[in-house]
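Every chain is numbered from 1 and lettered A, B, ... according to where its sequence line falls, protein lines coming before strand lines.
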Number of protein chains: 2
Amino acid sequence: MKRGPQRSVDPRAVLDAALELVDGGGLTMRALAARVGLTPGALYTYFPDRAAIMNALADRLLAEADLGVLEDRARPPHQRIEDFALTLREVLLRHPAAVPVILGAAYSGPVALRVGESMLGVLPDPRACYAVMVYVLGAIALEAAELVDSGGKDGKDGKDGKDGKDGKESKESKDSKSGKDGKSAEARGALPSEAERIAVRRAALVVDPEAFPRTHAAADAIAAYISTDQFRWGLRRLLAGL
Amino acid sequence: MKRGPQRSVDPRAVLDAALELVDGGGLTMRALAARVGLTPGALYTYFPDRAAIMNALADRLLAEADLGVLEDRARPPHQRIEDFALTLREVLLRHPAAVPVILGAAYSGPVALRVGESMLGVLPDPRACYAVMVYVLGAIALEAAELVDSGGKDGKDGKDGKDGKDGKESKESKDSKSGKDGKSAEARGALPSEAERIAVRRAALVVDPEAFPRTHAAADAIAAYISTDQFRWGLRRLLAGL
DNA sequence: ACCTGAACACCGTTCAAGT
DNA sequence: ACCTGAACACCGTTCAAGT
């Protein structure tokens, strides 16, 4: 009972490849076509345009978070929210480059509707629901933004420095682009552990103690902004206030 | 005591033009160069790359929010937070297309440092500070995302239709690009009022009452997610929990 | 130092033509 | 219906050459 697929590739395989490319730092119609063995133009038989692919991707990622925990009547309400938020964060932080799209599609997608409906089941006040969504998505977005331009290979943004004083800026680290097969983006693997990322943030956090005394004093806590503990702490505070 | 500017345009004017282009839906090195009367290549004398322009823009916008209210010892602490958050939201929602960049530059910029230092002055616990930042930036990001792809003129996404059946597609509505003055993008003006935007959201919120009973019942409140009242309500709840 | 002109290496999208 | 090949109208960035 196959629904008459006379296409040469499964649409879901296209989405799989697209997600890999997004994770790799650059989704391109041309690269995507090459990945699935098609011509760029043929992709427009599968999706109307690039934005449609991104939206489909956002919905798929949202669907990966376990809605079950949100509806598990065995746990106390606030725990259900917290558990779901933690799994959502985990899923999305595995694909940080896709997070901005999710922010944009937060309301619209079909899965987003289901999540909203479930949340209203545990938090009946819609204002409270939205406050939680704002906190959860805001925290994820902030963390993802940091992951994407520090851990993200060579996407398209400027690298580490911010003024070109050092001198050496071109000619290097630019060779991995010209190939047509585009298989070079698989050295990604596991991103650094939370402890490592906090340590890196701590080391980078050098401020003038005269000009920024409080920031200087709080440097350890600030470095740990991206921690799971901080995420949970803030969420619990918010839930306590609702 | 001019600092020896032998450039033909003020760097701040370049940033002004860049902001206008971002607001208009599409910042392009070529368009920016044309706006300020330069060649694309000449821009690289002012900024190392496009990302640097975006970061400078983010910092400038952050600086527009009134830091004074955050340090006004006359008001109670939570009020200072709330007032600052409201002005920041107002500033950023005037430039929704620039908001994603601000999410990315939230930690790094010099102005961001100052904001953080001031916030620690009123909310001494850094975890509380970050929770507030997460909520405020998250809410702004969610609202901006909706503004940018519903109100955003004709940036680079498909226009109204999505299939080119009408026939007439080239040759027209494309004349405003080749000119060198590029003044065509000033029909922007005032975006719709909050009440109007809520009404539009409410009208678009049609869900199956059987499948999504709670969403259906809460439709009015959901449409008002983007309201200043909702923003303030959630912020107050969070502050209450801290 | 700043700028131009021209190029390089890309993009997303469209479309006649084939099957 | 699906796909190819080729084109169109763009991109950001670099760089020799001029001043």
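Between Q6(B) atom CD and dC3(C) atom P the separation is 9 Å, expressed in whole Å. Whole-Å rounding puts the L43(B) CG to dT13(D) C1' distance at 11 Å. Rounded to whole Å, the distance from CG on D49(B) to P on dC15(D) is 14 Å. As a whole-Å value, the separation of D10(B) CG from dC2(C) P is 13 Å. In this structure, L32(B) places its CG atom 12 Å from P of dT13(D), rounding to the nearest Å.
Residues passing the ring-ring contact (aromatic ring centres under 6.0 Å, His included) test with F84(A): none are found, sequence neighbours excluded.
Here the side chain of M29(B) is nearest to one of dG12(C), dT13(D), dC3(D), namely dT13(D). Side-chain proximity of T45(B) to dC3(D), dC3(C), dG12(C): nearest is dC3(C). The T28(A) side chain lies nearest to dC11(C) when the options are dC11(C), dC11(D), dT13(D). The side chain of A42(B) approaches dC3(C) more closely than any other nucleotide in the set dC3(D), dC3(C), dT13(C). For R7(A), the side-chain atoms get nearest to dC3(D) when compared with the rest of dC11(C), dC3(D), dT4(D). When distances run from any side-chain atom of L38(B) to the nucleotides dT4(D), dT4(C), dT13(C), the shortest one goes to dT4(C). When distances are taken from the side chain of R30(B) to each of dC11(D), dC3(D), dC3(C), the shortest belongs to dC11(D). With dC3(D), dT13(D), dG12(C) as the choices, the nucleotide that has an atom nearest any side-chain atom of R50(A) turns out to be dG12(C).
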For this session: Give the dot-bracket string for DNA chain C, reading 5' to 3', where a pair is Watson-Crick or G-U wobble with both distances under 3.5 Å, ( ) marks pairs inside the strand, [ ] marks pairs crossing earlier ones, | marks a partner on another strand, and . marks unpaired.
Result: ||.|||||...|||||.||
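The phosphate of dC3(D) has OP1 or OP2 within less than 4.0 Å of a side-chain N or O from Y46(A). S8(B) has no side-chain polar atom (N or O) that falls below the 4.0 Å cut-off from OP1 or OP2 of dC2(C).
H95(A) is listed as a side-chain neighbour of L19(A), based on a closest heavy-atom distance under 4.5 Å. When side chains are defined from C-beta on, L62(B) counts as touching L88(B), because their heavy atoms get closer than 4.5 Å. Between D16(A) and R60(A) there is a side-chain heavy-atom pair separated by less than 4.5 Å. You'll find the side chain of E90(A) stays beyond 4.5 Å of the side chain of T228(A), heavy atoms only.
Of all non-hydrogen atoms in A145(A) and G104(B), the two that sit nearest each other are CB-CA, 3.7 Å.
With P as the reference atom, dA9(D) and dA9(C) are 22 Å apart, rounded to whole Å.
Between R201(A) and E146(A), at least one side-chain nitrogen of the basic residue sits less than 4.0 Å from a carboxylate oxygen of the acidic one, meeting the salt-bridge criterion.
Here T39(A) lies in heavy-atom contact (under 4.0 Å) with a base. As judged by a 4.0 angstrom heavy-atom cut-off over every strand, F47(A) is placed among residues making no nucleic acid contact.
For the residue pair T215(A) / E117(B), a side-chain donor-acceptor distance below 3.5 Å is found, with atom types taken as modelled.
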